[in-house]
Structure formats: C-alpha cells, structure tokens
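By convention in this document, chain letters (A, B, ...) are assigned in the order of the sequence lines, proteins followed by strands, and residues within each chain are numbered from 1.
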Amino acid sequence: MSGNKSFRPRARLPRGFRDRGAAEIAAERAVLDTIRRIYESYGFEPLETPSFEYTDALGKFLPDLDRPNEGVFSLQDEDGQWLSLRYDLTAPLARYVAEHAQSLPRPFRRYQTGTVWRNEKPGPGRFREFTQFDADTVGSASPAADAELLMMLADTLEALDLGGDYVIKVNSRKLLDGVLEAAGVGLDDLARRGIVLRAIDKLDRLGLDGLAKLLGQGRKDESGDFTKGANLPATAIDAVLKFFAANDPESGRGGPRSNTQILAELQSFVGTSTIGAAGIADLVALNELIAANGYADGRIAIDPSIVRGLDYYTGAVFEAQLTFPVANEAGETVVFGSVAGGGRYDDLVARFTGQAMPATGVSIGVSRLLTALRNRTSAQIAPLVVVLAMDKAGLAESFALVRELRAAGIRAEAYVGDAGLKAQFKYADKRGAAIAVMEGSDERARGEITLKDLALGAELAKSVESRAAWVEGRPAQIAVPRGELVARVNAMLAREG
RNA sequence: GCAGCUGUAGCUCAGUUGGUUAGAGCGUCGGAUUGUGGCUCCGAAGGUCGGUGGUUCGAGUCCACCCAGCUGUACCA
C-alpha cells in the first residue's frame with residue numbers, strides 16, 4: 001500500500017453499517033431513556049455482557065463443521081477457539097444465568113441494551129449492526145411472567161408516543177405444534193415442521209393461497225423464484241388452512257375479534273394433542289391477566305399466525321408491529337418487520353447446565369424503531385452559544401466567557417477556527433447556535449459585549465432589502481455590560497422559548 | 001442465492017436518431033463587503049460518465065460480461 005503512491009482508499013461505509021450524527025444520537029438517547037425508565041419501574045435490574053462470546057455458547061457452530069455459521073461475525077482467538085459477536089442479547093443472558101445460577105434470585109429479572117451484529121443482507125430497517133433493548137425473566141414457567149412482559153412492552157410503546165400506532169400479537173409455539181400434530185405432522189419431523197412454520201409466518205404477506213402452495217408443492221413468487229413446499233398431504237393442508245381461515249383476527253366474521261372469541265374456537269383444531277391443549281391453557285391464562293388489567297383492548301391481541309424465526313422458542317411468542325406505513329428515503333412505502341419481539345425459551349439455559357430453567361423475554365429493535373419514527377420525532381437539543389473570535393487579543397477572554405456561561409448551565413463554545421467573522425457567523429448558523437457573542441476591541445474599550453440573537457436575526461433578514469441596511473442595522477443584536485453576560489444570555493434564550 | 005430497476009460533479013438530475021471541449025440547479029470555497037448570517041452580483045474548485053472488453057471514422061449514448069446500490073424474494077443456523 002505504501003509502495004503505491006497513487007493508491008487512495010475510497011471513503012465508504014461497509015454495507016449494512018451506518019454513521020449516525022447528532023440528531024439521530026439524540027433521538028436514540030431519548031428512546032433508550034424512555035425504555036429504561038419503564039423497565040426499571042417494573043423492577044428489572046440492569047446487566048451488561050461483552051460484545052464477544054464463545055461461538056459455542058451462542059450456539060452458532062455449523063453442525064459437523066468446525067466453523068461458525070456465516071450469519072455471525074466471527075474470529076479465532078489465539079488458542080484456536082472461535083469467538084463471535086453477539087447476534088442478540090438473549091443467548092448471552094442464557095450463558096450468564098448458567099454461569100451464575102446459584103447466586104441469582106429466582107425469578108431473575110434483568111434488562112439490557114446494547115449493540116448486536118448480524119452478518120446478513122441488509123434491507124429496509126435491517127442493519128448488520130443495530131441496538132436492541134431487552135428484558136427477560138428467568139426461572140419462572142408461569143404465564144404471569146409472559147403477561148408481565150407484554151404489559152410492560154405496551155406501557156413502553158405508549159411512553160414512546162406510539163399509542164394507537166401499534167399492536168402486540170401473541171401466539172404459542174405449543175398451539176402451533178398442536179395444530180400440526182392434529183393435522184398429522186409429527187413433532188419429530190423437524191425439517192418439515194420448519195418449512196410449515198416458516199410458511200405460516202408469511203401468512204400476512206402471502207394470504208391463504210400462498211400458504212396453501214407452501215404447504216403443498218411449493219410456490220413461485222412474482223420474480224420467478226421458487227420456494228420449496230412442505231409436501232403435506234391434502235388432508236393436512238386442509239386442516240391447517242381451516243385453522244387459519246377460522247382464526248384470522250382481522251377478517252374473521254366482519255372485523256377484528258376479541259381474544260376470548262379466538263381462544264374459544266381454538267380447541268376444535270388441536271384435537272387430542274396434549275401439547276396443543278397446553279398451548280391453549282397458557283394463552284387463556286395469559287389473556288385473563290392482561291384482560292383483567294385492561295390490556296386486551298386491541299393493544300395485545302391473540303394471533304395464531306405469529307411464529308417468530310428463532311427456533312429456541314418453546315411457548316408463548318409475540319411481536320409488536322407498527323400499524324402505519326413506513327417509507328424509505330425515496331418516499332416509497334416499504335415492507336417493514338416487527339419493532340419488538342420475544343417469547344418463551346425454556347430450554348436455552350439447560351443447554352449449559354442440563355437443569356431445567358424456564359425463561360421468557362422481550363426485545364425492542366431500537367434501531368428499526370428509530371428508522372420507522374424518523375419523520376415523526378425530533379429530540380430537543382439544548383441551545384448553543386458561540387463566542388466568536390474577533391482578534392487574538394481576546395482569545396483568553398473568549399474562554400473566560402464560555403466558562404462563565406457553562407458554570408451557569410448554558411451550553412457554550414468559543415470559536416477555535418481561524419476564519420473571518422463572516423465565516424464565523426456561517427459556522428454558528430450551521431451549528432444551529434442560538435446566540436453569538438462578540439467582544440472585539442470596540443466592546444473591550446467600553447467594558448461591553450455584543451449579543452446577537454441568531455434566530456431573530458434570520459427572521460429580520462427576510463425583510464431587509466439592501467446589504468448596506470442589513471449591515472448597518474445590525475438587527476437582533478445588543479451591546480450589554482460585560483458583567484451581565486449570563487443574565488442577558490438567559491433572557492435572550494428565554495425569549496426563544 | 002434468485003429477480004426487477006438504477007448507476008453522469010459532494011447532492012438532485014439533464015444529455016436529441018452515436019458527432020467538436022459532458023451541462024444545469026443546489027452545495028462548497030473566494031471576492032464585491034479587511035467587525036456581521038440573508039438577498040444580489042462576479043469568480044473558482046470539483047468528473048476514471050460504475051468497471052472491463054467489443055462494434056464504429058467516432059461511444060455518456062449501441063452490445064457482452066462484471067461490479068455496486070435500491071426494491072422484492074429466499075435463507076436468517
């Protein structure tokens with residue numbers, strides 16, 4: 001590289017990764033603070049774990065290959081062991097609990113936020129590096145633990161001003177297993193079960209027709225790509241389709257139906273399946289709790305078509321979807337996944353310990369949520385005062401001025417560039433500064449400073465016609481005694497609101 | 001991975017049936033104005049026309065392959 005003088009690296013970002021500026025950071029902080037406030041009010045306590053874990057602890061080794069799955073970013077440690085960047089916060093939690101089970105209270109309820117990484121193809125609202133905010137309850141098999149998380153998620157989304165713009169859909173993997181069992185798909189037929197579950201997951205996009213094809217021979221999409229089907233017998237396909245036709249919460253018999261109505265009709269579809277009956281019992285218990293607390297008003301809705309991709313889920317599964325269309329930078333409406341999800345993963349800790357340890361959790365996709373809200377929210381940033389550099393003699397005094405302002409709790413900076421005054425004003429504009437402070441030789445001689453209200457000045461500039469008048473008039477600026485700096489700045493900021 | 005669409009200045013785009021030196025707006029920088037943001041005027045910088053090969057007297061324009069981006073789809077262990 002150094003041998004080739006003409007080489008210049010192209011300044012560019014790896015795909016799926018993003019730079020984030022002041023506005024987005026402020027917006028994310030606001031969201032994180034809100035979520036944290038709600039989670040803490042529920043009594044969850046914080047936990048942090050490292051970005052890297054041993055790949056086997058994440059369960060990301062390819063079967064029969066001494067190599068991590070491509071979906072995680074991995075590297076080999078000096079001793080040859082594989083490390084991977086965490087792809088969610090749940091697997092590290094399972095490792096943590098397995099490592100410290102003896103000393104933790106049970107149920108153990110913790111929250112955690114942080115960056116996770118997935119080496120996948122990026123898309124709308126899908127990044128290779130993003131922020132999640134999780135809460136989990138480990139050590140309780142009770143539907144009360146799931147219900148609590150659902151209600152807390154609803155409270156959180158409300159606190160994020162999403163009231164009326166989301167729905168949390170709940171299902172149970174046990175229920176799905178029961179339906180499949182009743183339809184003749186054995187629980188041990190993992191490959192076929194996977195295909196069927198993935199097909200069900202696409203019901204909202206493909207409809208019953210698409211689902212029927214995926215359960216049978218397969219389906220060709222508009223682009224001509226063929227997706228292999230599950231090759232179920234016709235009777236099984238009928239049974240599954242009937243189940244979803246009857247339990248579509250949207251279209252079923254004219255409008256959305258209540259959780260109780262849906263639950264009442266589930267029984268006939270699981271037949272004699274024990275696991276199916278258990279799934280229904282879980283959902284009934286869960287619904288009683290949320291209904292008694294007023295959350296079954298459409299915010300939390302039973303929806304038997306919710307599956308979730310991760311295969312470690314064992315019981316309740318849920319996801320929060322936004323109910324308004326999301327547009328990309330080009331203004332096109334785009335297919336946008338759920339902004340939060342979760343469920344019960346009763347076997348994840350036992351992977352390490354061999355001891356049963358039921359657990360359930362929820363995860364908010366903070367990055368995706370921020371993308372969806374991009375055009376709806378703008379976080380407030382404290383106003384900025386810039387002290388301009390008039391001449392070298394005043395530099396030390398500039399720093400004295402900003403120190404005074406900061407001591408009074410005002411965000412202030414001294415201009416440290418070397419451009420002329422005109423450029424300094426442009427700089428202050430670009431920074432979005434509220435006030436510029438000037439103390440040149442004229443002011444010093446009189447023991448004064450000059451304050452300029454930049455927002456007001458910009459307003460007044462619209463009605464100024466000649467440059468001479470604009471310069472001479474010096475709109476929106478006043479000379480005040482040096483000693484009144486803080487008081488006058490505060491007064492000016494107060495006027496801005 | 002599969003498919004469709006799109007690649008021309010920092011950004012948004014124009015560029016005729018292939019024809020001199022590839023343009024505009026915005027933005028950037030400088031000046032008019034050596035201590036005042038806006039408006040106006042003047043000037044400047046900024047381009048491997050995504051890449052390679054081909055057709056042609058001549059290619060930003062036509063052809064082939066490749067690359068990248070977007071969107072959808074698949075996969076997401």
Side-chain angles (χ1 to χ4, degrees), chain A residues 6 8 10-16 55-56 58-65 67-72 74 84 87-88 91 117-126 128 190-191 194-195 198-199 201-202 205-206 210 214 218-228 308-312 327-337 386 388-391 394 419-433 435-444 450-477 479:
Chain A
S6 67
R8 291 273 192 293
R10 197 159 68 83
R12 70 207 195 279
L13 221 41
R15 62 187 314 210
T55 304
D56 57 4
L58 295 179
K60 290 301 174 187
F61 266 111
L62 286 171
D64 306 326
L65 290 172
R67 183 165 60 79
N69 188 286
E70 288 174 0
V72 292
S74 304
S84 294
Y87 64 94
D88 71 10
W117 295 265
R118 293 187 190 178
N119 192 8
E120 296 170 0
K121 181 192 160 188
R126 291 170 58 189
R128 295 211 290 173
L190 290 178
I195 295 176
R198 285 196 294 276
D201 201 24
K202 291 164 192 153
R205 270 193 293 120
L206 306 182
L214 287 173
R219 173 179 180 275
K220 189 183 273 190
D221 64 44
E222 313 83 63
S223 61
D225 198 21
F226 184 76
T227 309
K228 224 179 96 196
R308 304 290 301 157
L310 266 48
D311 69 352
Y312 56 59
N328 62 11
E329 287 87 346
E332 306 158 336
T333 298
V334 130
V335 176
F336 209 78
V386 176
L388 304 184
M390 306 297 286
D391 51 44
L421 197 59
K422 183 186 174 81
Q424 293 190 41
F425 270 101
K426 288 190 172 182
Y427 167 82
D429 261 347
K430 203 169 267 187
R431 293 297 316 279
I435 298 174
V437 177
M438 287 167 281
E439 189 191 30
S441 51
D442 296 355
E443 284 89 350
R444 270 198 297 279
T450 299
L451 303 184
K452 182 155 195 163
D453 184 329
L454 293 172
L456 179 60
E459 193 60 35
L460 295 176
K462 289 174 187 164
S463 53
V464 173
E465 271 144 38
S466 78
R467 185 191 145 70
W470 162 248
V471 174
E472 279 310 306
R474 297 193 170 174
Q477 75 182 53

When you measure from the side chain of [X], which nucleotide among [options] comes out closest?
| X | options | answer |
| --- | --- | --- |
| A:Arg15 | B:U33, B:C70, B:G72 | B:C70 |
| A:Leu421 | B:C76, B:U36, B:A74 | B:U36 |
| A:Ser441 | B:U36, B:U73, B:G35 | B:G35 |
| A:Arg205 | B:U73, B:G38, B:U36 | B:U73 |

[X] [atom1] to [N] [atom2], straight-line distance once rounded to whole Å:
| X | N | atom1 | atom2 | answer |
| --- | --- | --- | --- | --- |
| A:Leu388 | B:G35 | CG | P | 12 Å |
| A:Asn328 | B:C5 | CG | C1' | 13 Å |
| A:Lys121 | B:G69 | NZ | C1' | 11 Å |
| A:Arg198 | B:C76 | CZ | C1' | 9 Å |
| A:Lys220 | B:U73 | NZ | C1' | 14 Å |
| A:Phe336 | B:C70 | CZ | P | 15 Å |
| A:Asp429 | B:U36 | CG | P | 15 Å |
| A:Asp391 | B:U36 | CG | P | 14 Å |

[atom1]-based separation of [M] from [N] [nearest Å]:
| N | M | atom1 | result |
| --- | --- | --- | --- |
| B:U20 | B:U61 | P | 14 Å |
| B:G46 | B:C11 | C1' | 13 Å |
| B:G10 | B:U21 | P | 23 Å |
| B:A9 | B:G15 | P | 15 Å |
| B:U48 | B:G23 | P | 15 Å |
| B:C63 | B:G27 | P | 37 Å |
| B:G38 | B:G30 | P | 12 Å |

Exercise for review: Would you mind reporting whether A:Asp88 and A:Arg118 have side-chain heavy atoms less than 4.5 Å apart?
Suggested key: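 Yes, close enough: below the 4.5 Å cut-off.
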
Exercise for review: Mark yes or no for a side-chain to base donor-acceptor pair under 3.5 Å between A:Gln424 and B:G35, with no hydrogen or angle criteria applied.
Suggested key: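 Not at all, since no donor on one side and acceptor on the other fall under 3.5 Å apart.
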
Who passes salt bridge (Lys or Arg N to Asp or Glu O under 4.0 Å) against [X], sequence neighbours left out?
| X | result |
| --- | --- |
| A:Arg126 | none |
| A:Arg219 | A:Glu222 |
| A:Arg431 | A:Glu413 |
| A:Glu70 | none |

Base, sugar-phosphate alone, or nothing: which one does [X] contact when heavy atoms must sit under 4.0 Å apart?
| X | value |
| --- | --- |
| A:Val334 | sugar-phosphate |
| A:Gly309 | sugar-phosphate |
| A:Glu459 | nothing |
| A:Asp311 | sugar-phosphate |
| A:Lys430 | sugar-phosphate |
| A:Arg126 | base |

Review point. According to a strict under-4.0 Å criterion, is A:Lys202 in side-chain N/O contact with OP1 or OP2 of B:C75?
Key: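 Yes, within the criterion.
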
Review point. For A:Lys422 and B:G37, is the shortest distance between a side-chain N/O and OP1 or OP2 below 4.0 Å?
Key: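 Yes, because at least one side-chain N or O of A:Lys422 sits under 4.0 Å from OP1 or OP2 of B:G37.
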
**Study point:** Point-to-point distance, once rounded to the nearest 0.5 Å, from CG of A:Leu214 to CZ of A:Arg198
**Key:**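 A:Leu214 CG to A:Arg198 CZ: 10.0 Å, rounded to 0.5 Å.
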
**Study point:** Basic-acidic side-chain contact under 4.0 Å: A:Arg444, A:Asp391
**Key:**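 Salt bridge flag = yes for A:Asp391 with A:Arg444.
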
Check your understanding: Does A:Tyr427 have any ring-ring contact (aromatic ring centres under 6.0 Å, His included) partners at least two apart in sequence or in another chain, and if so, which?
Key ->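 Listed in chain order: A:Tyr415.
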
Review point. Can you tell me if A:Thr450 and A:Glu443 form a side-chain donor-acceptor pair at under 3.5 Å?
Key: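 On atom types as modelled, these side chains qualify, holding a pair under 3.5 Å.
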
Review point. RNA chain B: stems of at least 3 consecutive Watson-Crick or G-U pairs, cut-off 3.5 Å?
Key: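 Counting only runs of 3 or more consecutive pairs, the stems involving RNA chain B are B:1-7 with B:67-73, B:10-13 with B:23-26, B:28-32 with B:40-44, B:50-54 with B:62-66.
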
